Structure formats: structure tokens, C-alpha cells
Amino acid sequence: VLDRWALSEAHRLVREVTAALESYDTQRAGALLAAFIDDLSNWYVRRSRRRFWEGDGAAFSTLHECLRLLTLLLAPITPFVTERVWQDVFWTTSDSSVDSVHLATWPRADASRIDDGLDIGVRQARRVVELGRSARAEAKVRTRQPLQRLLVGSGAWAALGEELRSEVASELNVGSVDSLGAAGADLVEHTAKANFRTLGRRFGQRTPAVAAAISAADAAALAAALADTGTTEVLVDGESLTVQADEVIVSERPRSGWSVVNDQGETVALDLELTPELVRAGLAREMVRLVQEARKASGFEVSDRIDLWWQAHGRNAEELRRALAEHAGLLAREVLARSVAAGPPDGAAGSSYTDENLGLTVWLNRS
């Protein structure tokens, strides 16, 4: 799905940049190119990182085509940089490429590659990710800690589709992405009280009685009615009175165990329950973080394979051992380790790196 989206956006870019330059609107052309570079770098490449590590030909082919089109479109604006890229990346790797980017044919958009529905879906996925990160931040739960599930509003749920839900789940480090549906009402507690400033204008001396009726009403039902029609009914001394949305202050907060974020009509709810299995999975992610920092400190290249040794100590030692036993494969894949062994190395190895808070020491060598 990410390959299809990247190529769709690349051909959309060709169409829109061409139209902008034909109209001598270089400012719009530049803005379109900058936005595409950001999307390609911070969504496609980052989300496809594991595929590049694994040598996925489809991912490399997609990125190559996107960069080829981008280089051609940038050529009139940044002539020297694009010429260098053309010489280093395209002229040397394709028999059909011409000697210079400035002698190449201007690209044409392939309308069959442009998928407006997929564009909407990916935009929605990225919006859900943004809200999900906000939910984690509010709950002070780091992204490295896996969680069970994320619930999203029905509109977002329908727009995402199965493949994009999987991308959202991976990006937010949750086990599943599900629809809020009927569960939404169970996730949020509502409270309602009178807005005396506006209520008093209409009800005068009866205001305290109306305010008491508002406080005694079912806050969730009251909130739903106000959201639906802008008015609701309350019973005061046996009489049904109509109150309006600006006469009631409705507050909502997540129930214990959930972090709920609502922004511009879009809602996500994050399940915060941490099972022992999830806690150990979080510890494994912390191990990955420590090893990645050690790789960087050791001056290793991103693609270097390593041999890894580890030793747990402190009060978390037993949980760390269990976490590594359960997630040894994850650790090896994430840090590109050919071997993972418990205990310090017998022979020569690189420097040791320790995280005292985590209670872990690691040693690594370039494999």
C-alpha cells in the first residue's frame, strides 16, 4: 500500500508541478516539491526502513522511480544539485538515461497511477497517528512501550482499510486498531453543570432549580442530545423545560485505563492497560534502544551487522532475562545482530555500554 501511495503522489506531483510551471507560478511549484520531499522522507522511507534493510526489490524500485521523477521536476529550480544526483544515481544505473538531466524529456503524469482514495486514506492514517501520539503524550506512555489497542472513530475506521490500519498499529506500537463503535460511550465519563451566566438570563429566580436539575440529569444522555439537536429537556418541579447548548457546560474525561483525545470532531482512545507480557515487550524495546545508541557511539554504519552480548543486573534482572527470552528475534532483527549471547564476551569485544536505570550492559562487535 505504501508503494502504491508513493507512486500515486509522485505522478500527482508531476501533474501539479507541470501546471504550476506552465503558469509561471514557481512559488507553488516549490511548495509542492518541498511537501513531497517531506512526505517521501518522513512517511514512505521511514515506514519502509525494514524493507530496505531486507533488500526488498519493490521498495527500492518505488523509491528509485520517485527520486527519478523528483530529480527531473527539480532540475529547472536547482540545476546543479539535480545534475549531480542524475550523474551519480540515474545515468550510471540505467542504459536508457541521457547524459544530463537537462537533456532528459520532461516527465508526464500517468493518470492511472493517481489514486485519490488512497491519498485520502493515507492522510487519515497520518492524522490518526498524530492523535494517537497525543494520547500517549497525555498519558505519559512512551511509544517504545507496546499497548494492546487503539480505537478510532467510525469515519476514520472506514477510510483507513486493513492495510493502513496495520501501518497505524505499527507506527503507534499497538497490537490492533479497532473502531470505537458502541464502545465509545463506555470510554468517556461526562459531567454537566449549569452555565449560570446564560441560564440566568432566561430563568431568573428559577435558575438554581434548573441548575440542580441539570446536575442531577444523566450527563451522557444530556451531552448526546445537545450534540445532536443543540437542546435538551430537564425536569424541574414536575415541569419539562428546554435548555440550550450555551446554557450547559459539559465536560468529558477518559475512564480509568484509557487515554482519549478528541480534536476537530475526530476521536481516538488508547488502551493503557499493561499486562506482564506488554511490560516485557516494552523492556525489549528499551534493549533495542540501548544497543542502537551503542552502535552509534561505536561509529558503526547503519547496515553493519554485529555480534551482541548482554548482561542484566539490578532489580529488573529477572524481567529483562524473560523479556530477552521472549523477544530475542525482535532484538536481533532491529539491531542487525547475527548472534545474541547472554553474559560478557569471552574474548576481545568492543566497549561496554550500560544503562543503570534499565539494569543492562551490552557489548558489541562488528560481525
Side-chain angles (χ1 to χ4, degrees), residues 47 49-50 125 128-154 156-157 160 162-189 252-262 266-293 308 310-335 337 340 342 354-362:
R47 290 295 315 137
R49 181 179 56 185
R50 187 183 307 281
V128 169
V129 166
E130 179 185 349
L131 294 176
R133 287 176 179 154
S134 296
R136 276 187 176 270
E138 280 195 9
K140 296 181 172 58
V141 178
R142 290 182 292 185
T143 303
R144 280 194 293 271
Q145 173 58 61
L147 295 173
Q148 292 190 69
R149 58 177 174 157
L150 176 80
L151 302 183
V152 300
S154 55
W157 169 260
L160 289 177
E162 186 175 348
E163 288 180 294
L164 288 176
R165 290 171 202 152
S166 177
E167 292 293 333
V168 170
S170 176
E171 183 71 6
L172 290 176
N173 197 16
V174 295
S176 65
V177 177
D178 301 310
S179 173
L180 269 166
D186 297 328
L187 302 180
V188 178
E189 292 178 342
E252 53 184 37
R253 64 178 184 179
R255 293 188 187 274
S256 177
W258 290 86
S259 177
V260 180
V261 170
N262 186 297
E266 296 179 302
T267 303
V268 301
L270 196 61
D271 188 347
L272 300 178
E273 181 185 359
L274 289 178
T275 64
E277 292 79 13
L278 287 173
V279 170
R280 289 194 292 273
L283 287 174
R285 296 278 182 173
E286 291 293 341
M287 296 176 195
V288 170
R289 184 263 311 162
L290 176 60
V291 176
Q292 298 289 34
E293 290 175 356
L308 175 66
W310 62 271
Q311 187 169 44
H313 47 83
R315 56 186 177 84
N316 287 331
E318 183 56 34
E319 279 297 288
L320 283 168
R321 294 187 191 100
R322 293 188 63 185
L324 260 175
E326 293 177 9
H327 301 282
L330 168 72
L331 176 63
R333 287 194 305 273
E334 289 291 325
V335 304
V340 179
T354 300
D355 185 324
E356 293 293 349
N357 291 327
L358 182 59
L360 185 69
T361 299
V362 297

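All values derive from a computational prediction rather than experimental measurement.
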Separation of [Y] [atom2] from [X] [atom1] (nearest 0.5 Å):
| X | Y | atom1 | atom2 | answer |
| --- | --- | --- | --- | --- |
| L131 | L172 | CG | CG | 9.5 Å |
| L272 | K140 | CG | NZ | 12.0 Å |
| W258 | L151 | CH2 | CG | 4.0 Å |
| R144 | L283 | CZ | CG | 11.5 Å |

Not counting sequence neighbours, which residues clear side chain to side chain contact (heavy atoms under 4.5 Å, CB included) with L331? List them please.
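Expected list: M287, V288, V291, L308, L324, V335, V340.
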Using the test side chain to side chain contact (heavy atoms under 4.5 Å, CB included), find all partners of T354 that sit at least two apart in sequence or belong to another chain.
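By the side chain to side chain contact (heavy atoms under 4.5 Å, CB included) rule, T354 matches H313, E356, T361.
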salt_bridge(R289, E293) N-O dist < 4.0 Å
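Here R289 pairs with E293 in a salt bridge, since their nearest N and O are under 4.0 Å apart.
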Using 4.0 Å as the upper bound for N to carboxylate O, is an ion pair formed by E162 and R165?
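No, no charged N to carboxylate O under 4.0 Å.
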Do [X] and [Y] touch side chain to side chain, with heavy atoms closer than 4.5 Å?
| X | Y | answer |
| --- | --- | --- |
| R136 | L147 | yes |
| V168 | E171 | no |
| L320 | L358 | yes |
| L150 | V128 | yes |

Could I get the full list of side-chain hydrogen bond (donor to acceptor under 3.5 Å, both in side chains) partners for E326, not counting sequence neighbours?
R280
Smallest separation among heavy atoms of [X] and [Y], with atom names:
| X | Y | value |
| --- | --- | --- |
| A269 | V260 | CB-CG2, 4.0 Å |
| A284 | H327 | CB-CB, 3.6 Å |
| A312 | R321 | O-NH2, 4.0 Å |
| A135 | V268 | CB-CG2, 4.5 Å |

Which one of R285, R142, Q145 satisfies the side chain to side chain contact (heavy atoms under 4.5 Å, CB included) criterion with N173?
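Of the listed options, the one satisfying the test is R285.
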